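All residue numbers in this chain count up from 1 along the given sequence. Bear in mind the structure is a predicted one, so any value in this text is a computation, not a measurement.
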Amino acid sequence: MALVASFVENMPTYRIGVASRWPGCPVERAIVRRVFVPYTERLRGTRIDADPTLTDCGDTGMVLMRAVSTRQSPPTGRGTAP
């Protein structure tokens, strides 16, 4: 099964509108790889710099991932392999 995902890199908070703030997660390409490697094959990660023409939200860019899933069950815990 094909697996495709994108992550905002090093986003300190996630904002919806002016007043709503949600916690962010310091995701980077190495973390994405470490979490998904046990469950995929042919994993590819690409990093794209933040767009300087957009509002600065504190992120450093995007991490894009594509792979083929090798397991049907999701990881357990907080991004750790069982």
### Query
Between Ile31 and Pro26, which heavy-atom pair has the shortest distance, and what is it?
CD1-O, 3.3 Å

## Note on the structure
Residues passing the side-chain contact (heavy atoms from CB on, under 4.5 Å) test with Ser20, sequence neighbours excluded, are Ile16, Trp22

### Query
Could you give all pairs that pass the salt bridge (charged side-chain N to carboxylate O under 4.0 Å, His left out) test and reach residues 16-27, with sequence neighbours left out?
none

### Distance in Å, Met62 CE paired with Asp49 CG, rounded so as to fall on 0.5 Å steps
12.5 Å

### Query
Given side chains that start at C-beta, do those of Val27 and Met11 come closer than 4.5 Å, heavy atoms only?
no

Side-chain donor-acceptor pairs of residues 2-9 under 3.5 Å, sequence neighbours excluded:
from : atom 1 : to    : atom 2 : distance (Å)
Glu9 : OE1    : Arg47 : NE     : 2.8
Glu9 : OE1    : Arg47 : NH2    : 3.0
Glu9 : OE1    : Thr60 : OG1    : 2.7
Glu9 : OE2    : Arg47 : NE     : 3.0

### Message
Just verifying a value: how many Å separate Asp56 CG and Asp51 CG, rounded to the nearest 0.5 Å?
### Response
11.0 Å

### Query
Where is the tightest heavy-atom contact between Glu28 and Val63, given as atom of each residue plus distance?
C-CG2, 4.1 Å

### Message
Nearest 0.5 Å, please: how far is CZ in Arg29 from OG1 in Thr46?
### Response
7.0 Å

### Message
Tell me the closest heavy-atom pair linking Pro38 and Val35, and the distance in Å.
### Response
CD-O, 3.4 Å

### Query
Is a side-chain N or O of Thr40 found less than 3.5 angstrom from the main chain of Val68, in a donor-acceptor match?
no

